[in-house]
Amino acid sequence: MAERPKFWLVKTEPDCFSIDDLARAPRQTTCWSGVRNYQARNYMRDEMKLGDRVLFYHSSTDPPAIVGVATVARESYPDHTAWDAKDDHYDPKSPQDNPRWFMVDLKFEQKFAEPLPLERLRGLPALQEMELLRKGSRLSVQPVRAAEFAAVLKLAGVK
DNA sequence: GCCAACGTTGGC
DNA sequence: GCCAACGTTGGC
């Protein structure tokens, strides 16, 4: 039996969907739609389970930073945005009877008092192997080790 | 805006 | 199945 909960990190561009958007959403929950990368999909489809905790990261902003925590509120189901021809993430190769893309629901847990910029995370011994900090890392849904998750929360001054 | 790193596509 | 070309991501 794999240990639970597992820990994750998701990236989002705050101009598109920020942690404040999540906090304001109905039931403070959103579907994590639009992921179109197979490895990220596999994590969502196969490994993210109810109650897993998720670091919330803002990319393509100044500074890029981990800004809070969410939790998995619903396990994987088909990403319906792949079926909407008007959606930016429409994928004609994802038929309704054999969906290619999946998503989970994420629920707001907390926003850090201060964002933790990438620059502050780099060089921390506990985070030396963290996927987020690897050069060239682009994975938008990635696993986080328990010790890494704990180190990030400690740095943020929260539990 | 640049560009390195990475993923995907498609000709062969 | 190889790999060049292309598109995307995302820090800087």
Side-chain angles (χ1 to χ4, degrees), chain A residues 6-25 30-48 52-72 76-106 108-145 147-157:
Chain A
K6 288 198 175 182
F7 301 95
W8 306 94
L9 179 145
V10 296
K11 297 181 183 176
T12 176
E13 299 188 16
D15 288 348
C16 176
F17 190 86
S18 72
I19 193 161
D20 293 323
D21 293 324
L22 181 60
R24 282 192 298 262
T30 189
C31 60
W32 207 248
S33 63
V35 173
R36 297 292 180 267
N37 168 281
Y38 289 104
Q39 195 176 353
R41 176 206 67 181
N42 292 347
Y43 285 133
M44 288 199 294
R45 186 189 60 187
D46 304 333
E47 297 195 46
M48 290 178 91
D52 283 358
R53 298 175 81 193
V54 183
L55 296 173
F56 203 93
Y57 176 79
H58 283 173
S59 65
S60 297
T61 189
D62 193 18
I66 300 176
V67 293
V69 182
T71 57
V72 176
S76 76
Y77 59 109
D79 180 345
H80 56 77
T81 65
W83 299 326
D84 179 357
K86 292 190 289 292
D87 194 278
D88 285 345
H89 303 285
Y90 175 58
D91 182 359
K93 287 179 284 189
S94 178
Q96 294 244 7
D97 58 359
N98 184 23
R100 173 178 295 199
W101 303 114
F102 288 80
M103 60 189 179
V104 298
D105 284 357
L106 296 182
F108 178 83
E109 181 187 301
Q110 62 179 299
K111 178 183 176 181
F112 296 155
E114 299 292 337
L116 299 178
L118 259 196
E119 191 182 18
R120 269 195 80 196
L121 304 176
R122 290 194 193 283
L124 287 185
L127 302 183
Q128 282 208 333
E129 295 183 57
M130 193 175 188
E131 170 69 21
L132 179 70
L133 303 181
R134 272 192 39 240
K135 183 174 179 176
S137 170
R138 310 192 312 183
L139 198 54
S140 65
V141 176
Q142 54 183 257
V144 172
R145 293 173 188 85
E148 294 166 345
F149 188 86
V152 168
L153 289 208
K154 185 178 176 189
L155 201 61

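Order of the sequence lines fixes the chain letters, A, B, ..., with proteins taken first and strands second; residue numbering starts at 1 for each chain.
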Centroid-to-centroid, A/Trp101 to A/Tyr38, below 6.0 Å?
yes
Residue that, paired with A/Thr81, satisfies side chain to side chain donor-acceptor pair (under 3.5 Å) out of A/Lys86, A/Arg36, A/His89
A/Arg36
Please determine, for the side chain of A/Ser59, which listed nucleotide (B/dA4, C/dG10, B/dG7) has the closest atom?
C/dG10
Given atom CG of A/Leu132 and atom C1' of C/dG11, what is their separation to the nearest angstrom?
11 Å
A/Leu121 CG to C/dC12 C1', straight-line distance once rounded to whole Å
16 Å
Within a strict 4.5 Å, meaning less than it, do heavy atoms of the A/Leu9 and A/Glu131 side chains meet?
no
Integer-rounded Å distance: C/dG10 C1' and A/Leu9 CG
14 Å
From C/dT9, B/dA4, C/dG11, pick the nucleotide closest to the side chain of A/Arg138?
C/dT9
Within the 4.5 Å heavy-atom criterion, are A/Phe149 and A/Val69 side-chain neighbours or not?
yes
Send over the distance from A/Leu139 CG to B/dT8 P, rounded to a whole Å.
11 Å
Do the side chains of A/Arg122 and A/Glu119 get close enough for a salt bridge, i.e. N-O under 4.0 angstrom?
no
Within the structure, does a side-chain N or O atom of A/Lys135 lie under 4.0 Å from either OP1 or OP2 of B/dA4?
no
Please state how far atom CG in A/Asp15 lies from atom C1' in C/dT9, giving the value in whole angstrom units.
15 Å
Could you check how far CZ of A/Arg100 sits from C1' of B/dT9, rounded to whole Å?
12 Å
Among B/dG7, C/dG10, C/dC12, which is the nearest nucleotide to the side chain of A/Gln39?
B/dG7
Figure out the CD/P separation between A/Glu13 and C/dG10, and round it to whole Å.
7 Å
Ignoring backbone atoms, establish whether A/Lys11 has a side-chain N or O less than 4.0 Å from OP1 or OP2 of C/dT9.
no
Does C/dG11 have OP1 or OP2 sitting under 4.0 Å from an N or O in the side chain of A/Tyr57?
yes
Have a look at A/Arg36 and say if it touches a base, only the backbone sugar-phosphate, or nothing, with a 4.0 Å heavy-atom cut-off.
nothing
Nucleotide of B/dT9, B/dC6, C/dG10 approaching A/Ser60 most closely (side-chain heavy atoms):
C/dG10
A/Tyr38 atom OH is separated from C/dT9 atom P, nearest whole Å, by 15 Å
